[in-house]
Amino acid sequence: MKRRAFLKSSALASSAFMVPSFLAGFQSNRLLGGQPGKKLVVVQLSGGNDGLNTVVPYRNDLYYQNRPTLALKDSEVLRVSDDLGFNPALQSLRELYDDGLVSILNNVGYPNPDRSHFRSMDIWHSASDSTDYLSTGWIGRYLDTFCEGCDKPYHALEADDGLSLALKGRQRNGFAVSDIPQLKRTTDSQLLKAVSKYGASMPHHEEENVAYLYKVLADTQASAGYLQTQLQTYRSKEAYPQTPFGKDLKQIAELMCADSDVRIYYVSLTGFDTHANQKPQQERLLRQYADGMKAFVQDLKRNNLLDETLIMTFSEFGRRVKQNGSGGSDHGAANNLFLLGASLKKAGFYNAAPDLSQLDDGDLKFDTDFRQIYATILNRWLDADSEAILGQRFATLGFV
Amino acid sequence: MDKIKHLYWRAGFGLSAEEWTERRRWSIPKAVDHLFEAAKKVAPVPPNPAPPAGFEEGDKSQKEAFVEKLKEERRMVAQQGGDWLYRMADPAQSALLERVSLFWHGHFACQTKFSTLASAQVNTLRTHALGSFRELTLAMARDVSMIRFLNNQQNRKDSPNENFARELMELFTIGRGHYTEKDVKEAARAFTGWSSNLRGEFMFRPGQHDYGVKTFMGESGRFDGEDIIARILDKRATSAFITRKVFRYFVNEQVDEDLVAQLAKRYYESDYQMEALLRAIFESDWFYAPQHIGSKIKSPVDLMAGILRKLKINFENDLALVFVQRALGQVLFNPPNVAGWPVGKPWIDNSTLTLRLSLAGHLFNSAEVNLRTKGEPEDLEREKGIKKLQATVDMSSIFRLLEGVRNEQIPEVLADFLLVARPNGFLEALAPHLKSAVSREERIRISTMALMSLPEYQMC
């Protein structure tokens, strides 16, 4: 395809290839969006978090029968309802829960669950049926079509050095960066500056793919500059965990509190694949998660941002009801999912606790398709058309 | 010369300095013949030593030892991916054979967990890469990694598993719209009992096979898997499906349906001989049309194999290549899913492009690259490690290539060698940066690094 046709047909048409005019377009256009101000933060617990030891059915005999050494004693759990309690490592989350800032959805999954990490994570990212393979993700497709004014890649920002499938669209991608100052230094290298200067000096590139690469380079350099400036605007005083995850959350909070033009943030915490010696490992991670969330919510609250922020935490699958022979648990299916924020319509438990007497081949059955949650967020929070993005109509829920 | 470069990129991984000197003025027919002849002369990849008994995934009696073994195997499979990259880069090997094997690896995409299975699969791909697609499909249906990846171990007479049968039709042969759900079920029955043993070999288990009559694509008989494959390949739609994919990979992402129809006819009439199909492409005039030359974004493996073919690089850490594969999103023996790797723009996002464009700089400066890769879900903690791409770059073959070239012509000669399509005006833009070069060698190094940092270098 020649450049002229490309410009006409492409969603990139709005941003010029020339760096100077391109930079000029990099001012905050927050007010152009459908619902200004509303933010989504996605927290991914990678490896398959054991939901039954996260939110514990501490009165259920079947739980104790299936997990003779892995179960948490009812005296250990932090009771939040008559039948469910939090893992003791979730003390900080419990405080948020008591403030009405947490909603928990039980039994979230999808039909024909896949027990491979990669595949199940792909299914969550692409929002496909388990028999379909998509090369785009649900957030990427949102950016493609329904995020007005989202022509800057950093409108969906992942705290990582690689971009997850969830944030890849057909025409637009999200932006991945773990260390903003480092990215700025890299893109400011003499060599890359000379390359982009050269790219901008060319009236056009004959080959469409070459033009695309120059555009992504210019976007990356401009985005690194924008994010660096934003990062210097606000300094958080909260105590985040001294871990990569804690640093990621702190960086996100600082960008949010600087009123950055980012609509969706994406961050991961890894290590939940607890096949052996699960208890100390999972508790260390859950503590990190809960302490991070508490500091993050404090930052947002202090800056009056909590009303317009929704935080979703998920994992690619839960784990088997029965413990294994190594003090751990193996890959399972349905799991719980957390929503945090000050705009939740139903704080507490959104639906019933898992039924441990009705299992599907040893795994919890799902009663809520994760795409119902996406559909709800897309329709009611991000003001988009979930059916067009997900390719199917899913019944929405009432959590926002 | 643009045509020769185009041919050697699509049929291989570009030309080394010595090959460039020797072949740049070769005629296309001569080069094509040479590529196919060389492919017939290579030896198989040496098999891995047989693994100790009990390596089979189902054997979890000794869980901790098994987990350790898995980790070691994962490392060895990664190592084999590195070895493969070096073969792609090695002018003493057949670039065409490696290129076509890589294409089939992405086509019959499956993840391999054990090194023996990885070397067995590579040899299957190499054996049939340029030969018959019928034989290749049958061999892949018996490939142990494939059987395990698509659950054919669990495909038994009394409880059929449709996973392999479905992907065989949807992704490997005929494509959607040419079969029914009933065909999937009947095909699954025909593949019951196609299994593997503890030594990692294919094994047919008669007790699990369904010997009954199946009705498949309108015919009835006591079909087994071989009969099913034969019937699918008898359909012209299969030839069209594979030819379209070959066109997208070897010619252009933008498919020319008229050309695909002509090629598919020829492929079908040759009874699915890959050599016939590829010769029809490489020997045509249209293949060398300007819109195809330099139109493809290199995959991460293309990019690395291409660099290693042009520059001799000795990495201090063996796993450096695996790290780059992972960071750029293409790890050999570990495609993202059964649909294989995407083509073109999906390779590119801000992080992968930044690394691609700064890769030459990292290598020439032996840099510490502070990147956090996604890692494996089994990893205990996400690493935030400094990955050292410490390496020595041996420029001697490039120095030889430039012997007798005047200093001011160096960038131009190098651009011809390194880039498929020459960027107008870049050489002028480069000139001021060369003023600081204190020696001829420095001038060559800076020019090489700068040209390899251009978006145009990402194209093939």
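Just so we're clear, the structure is a prediction, and the values are computed from it rather than from any experiment. Chain A is the first sequence line, chain B the second, and so forth, proteins listed ahead of strands; every chain is numbered from 1.
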Please state whether the side chain, the backbone, both or neither of [X] comes within less than 4.5 Å of a heavy atom of chain A.
X	answer
B/Asp349	both
B/Pro423	both
B/Ser453	both
B/Ala429	side chain

Any side-chain heavy-atom pair of [X] and [Y] under 4.5 Å:
X	Y	value
A/Asn209	B/Glu253	yes
B/Pro455	A/Val195	yes
A/Tyr214	B/Leu353	no
B/Gln111	A/Arg119	no
A/Val210	B/Glu456	yes

| Pick from B/Glu167, B/Gln458, B/Arg166: which one has the most heavy-atom pairs with chain A under 4.5 Å? | B/Glu167
| said: With chain A as the partner, which of B/Ala360, B/Gly329, B/Pro290, B/Ser295 has the greatest number of non-hydrogen pairs under 4.5 Å? | reply: B/Ser295
If every non-hydrogen atom of [X] is compared with every non-hydrogen atom of [Y], which pair is closest and at what distance?
X	Y	result
B/Pro346	A/Lys168	O-NZ, 4.2 Å
A/Leu163	B/Ser351	N-OG, 3.9 Å
B/Gln254	A/Glu208	NE2-OE1, 4.2 Å
A/Thr131	B/Arg176	O-NH2, 4.4 Å
B/Gly425	A/Tyr198	C-CE1, 3.7 Å

| remark: Okay, A/Ala276 and chain B: the region with an atom under 4.5 Å from a heavy atom over there is neither
| message | Quick check on A/Leu183 against chain B: is it the side chain, the backbone, both or neither that has a heavy atom closer than 4.5 Å? | response | side chain
With rounding to the nearest 0.5 Å, note down the distance linking [atom1] in [X] to [atom2] in [Y].
X	Y	atom1	atom2	result
A/Ser135	B/Lys345	OG	NZ	13.0 Å
A/Glu158	B/Asn350	CD	CG	9.5 Å
A/Asp161	B/Thr352	CG	OG1	11.5 Å

| message | Test of understanding: with ring pair (Phe, Tyr, Trp, His ring centres under 6.0 Å), list the residues that count as partners of B/Phe172, not counting sequence neighbours. | response | B/Phe108
| field | Winner by heavy-atom pair count (cut-off under 4.5 Å) against chain B, out of A/Val216, A/Asn173, A/Thr243 | value | A/Val216
| task | State which residue, out of A/Thr187, A/Leu217, A/Thr186, fulfils the side chain to side chain contact (heavy atoms under 4.5 Å, CB included) condition with B/Leu357. | result | A/Leu217
| B/Glu170 and A/Tyr133: side chain donor to acceptor below 3.5 Å | no
